[in-house]
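Report on the following structure.
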Amino acid sequence: MGRGDLTNAEWVRLEPHLPVPGQRGGRWNNHRKVINGILSRVRTGIPWRDPPERFGSWRTVYERHRRWSADGTWDQILRAVQADADLAGRIDWSMAGIDSTSCRAHQHAAGARKKKPRIPKKRTTPRHHRPDEELGRSRGGLTSKIHLAGEGGCRPMAFLVTPGQWGDAPQMIQVLERIRVPRPQGGHPRTRPDHLSGDKACSSRRNRSYLRRRRIKHTIPEPKDQQANRKRRGSGGGRPTGFDPGIHKRRNEVERTINRLKNSRAVATRYDKRAYVFHGTVTAAAIRLWLRP
């Protein structure tokens, strides 16, 4: 076992949720070795063509990651691992935090083909494909942004990747609607935390109305310009928003979640040209965080 490989305990938790091996042509053989190769690349950020020899052919490692990113296999594994954690009582639903982080795009991330990618043998467009490839221009150049919701245990519940110049407030609802933790023992998946914390960038009347409609308590500070606009409208502006500084201190949990996620160099710096492949890279890094005790 090399540095950064899955431990035996982590493999035991992951193996039941992987695609069945031994299909025609040996397509999914050697799951553990190939997944270790994928996680090694995600952690170190090395080019796909340069993995250590112990992981086998680089093409096998890359193709499996690309296919699982395209058909949503990584997303299914993430939800399955979250369901196991919820069943064991290891998810802190008392507080969820939402925040975003920018990921500088390497020069190799630019230049993707304009033609739509296809899933082999299915002729369908991969999940999470975007024509803009989730690349945008900001002060730092080409960037992508990860909008993330994390639970109290500093692990990501759901995320959304957008171009780097996109704002936080318009994406908050989409991120929350992606929280969906199945319940293996029966019942609807859990989609709602008890409380939500965010910074001023998430404050808007639309977001607050959405949270009230879903009965999610929230602690989001109100910017000064929104306060002035509300007061200027008088009674039509509504009541002042409630804010508890003590509860807001827990917002550091989502910031720590982002720090842990960006320990993976292929997440902190984007090297993938295609949006759906980069989404799979972030998902694989998130799965690794959920597998750790």
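Worth knowing before you read on, the calculation uses all heavy atoms, side chains too, and leaves out hydrogens, waters and symmetry mates. Since the model is a prediction, treat every value here as computed from it, not as a measurement.
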Tell me yes or no: between the side chains of [X] and [Y], is some donor less than 3.5 Å from an acceptor?
X	Y	value
Lys262	Thr101	yes
His218	Asn207	no
Ser203	Gln226	yes
Asn263	Arg260	no
Asp84	Trp290	no
Arg104	Thr269	no
Tyr210	Arg214	yes
His65	Thr281	yes

Between [X] and [Y], does any side-chain N to carboxylate O distance fall below 4.0 Å?
X	Y	value
Asp5	Arg54	yes
Arg256	Glu253	no
Arg251	Asp199	yes
Arg230	Glu222	yes

When you measure from the side chain of [X] to the backbone of [Y], do you find a donor-acceptor pair of N or O atoms at a distance under 3.5 Å?
X	Y	value
Glu10	Thr7	yes
Ser264	Val267	no
Arg32	Glu15	no
Ser57	Arg59	yes
Arg192	Asp194	no
His106	His108	yes
Asp99	Glu255	no
Thr219	Ile247	no
Lys273	Ala110	yes

Which atom of [X] lies closest to which atom of [Y], heavy atoms considered:
X	Y	result
Pro170	Gln174	O-NE2, 4.1 Å
Leu261	Ala286	CD1-N, 3.8 Å
Ala112	Glu133	CB-CG, 4.2 Å
Ser69	Trp74	OG-CD1, 3.5 Å
Lys200	Pro223	O-CG, 3.8 Å
Arg250	Ser94	NH1-OG, 3.4 Å

Any chain of hydrophobic side-chain contacts (each under 4.5 Å) joining [X] to [Y]?
X	Y	result
Leu39	Ile46	no
Val175	Val181	yes
Ile179	Leu211	yes
Val42	Ile77	yes

Do [X] and [Y] make a side-chain contact, defined as non-hydrogen atoms from C-beta onward lying under 4.5 Å apart?
X	Y	answer
Trp11	His31	yes
Thr143	Arg137	no
Ile287	Thr283	yes
Gln76	His17	no
Ser197	Met95	yes
Val61	Ile35	no
Leu87	Gln185	yes
Ser100	Ile146	no

Below 3.5 Å, can you tabulate the donor-acceptor pairs from side chains in residues 148-162 to any protein atom, sequence neighbours excluded?
residue : atom : partner : partner atom : Å
Glu151  : OE1  : Asp92   : N            : 2.9
Glu151  : OE1  : Gly153  : N            : 3.0
Glu151  : OE2  : Gly153  : N            : 3.1
Glu151  : OE2  : Arg155  : N            : 3.4
Glu151  : OE2  : Arg155  : NE           : 3.0
Glu151  : OE2  : Arg155  : NH2          : 3.4
Arg155  : NH2  : Arg90   : O            : 2.2
Thr162  : OG1  : His147  : NE2          : 2.8

Exceeds 12 heavy-atom contacts within 6.0 angstrom, atom CZ of Arg208: yes

Residue Arg180 excluded, over 12 heavy atoms near CZ under 6.0 Å: no

Test side-chain contact (heavy atoms from CB on, under 4.5 Å) applied to Thr125 and Ile119, step by step: CA-CA 6 Å; Thr125 304; Ile119 301 178; over 6 Å; no

Where at least one partner belongs to residues 33-47, residue pairs that pass side-chain hydrogen bond (donor to acceptor under 3.5 Å, both in side chains), sequence neighbours excluded: Arg41-Asp272

Quick one: [atom1] on [X] to [atom2] on [Y], what's the gap to the nearest 0.5 Å?
X	Y	atom1	atom2	answer
Tyr271	Phe278	OH	CZ	11.0 Å
Ser102	Ile258	OG	CD1	10.0 Å
Phe55	Ile38	CZ	CD1	10.5 Å

Verdict with reasoning, Leu6 to Arg288, per side-chain contact (heavy atoms from CB on, under 4.5 Å): CA-CA 9 Å; Leu6 292 170; Arg288 186 61 191 270; 3.9 Å; yes

Ring-ring centroid check Trp68 His279, cutoff 6.0 Å: no

Residues Ile98, Val254; criterion side-chain contact (heavy atoms from CB on, under 4.5 Å); working and verdict: CA-CA 6 Å; Ile98 190 165; Val254 67; 5.7 Å; no

Hydrophobic cluster (4.5 angstrom, side-chain heavy atoms) - remaining members for Val277: Tyr276

Criterion side-chain contact (heavy atoms from CB on, under 4.5 Å) on Leu196 and Met172, from CA distance to verdict: CA-CA 11 Å; Leu196 180 73; Met172 193 196 79; 4.3 Å; yes

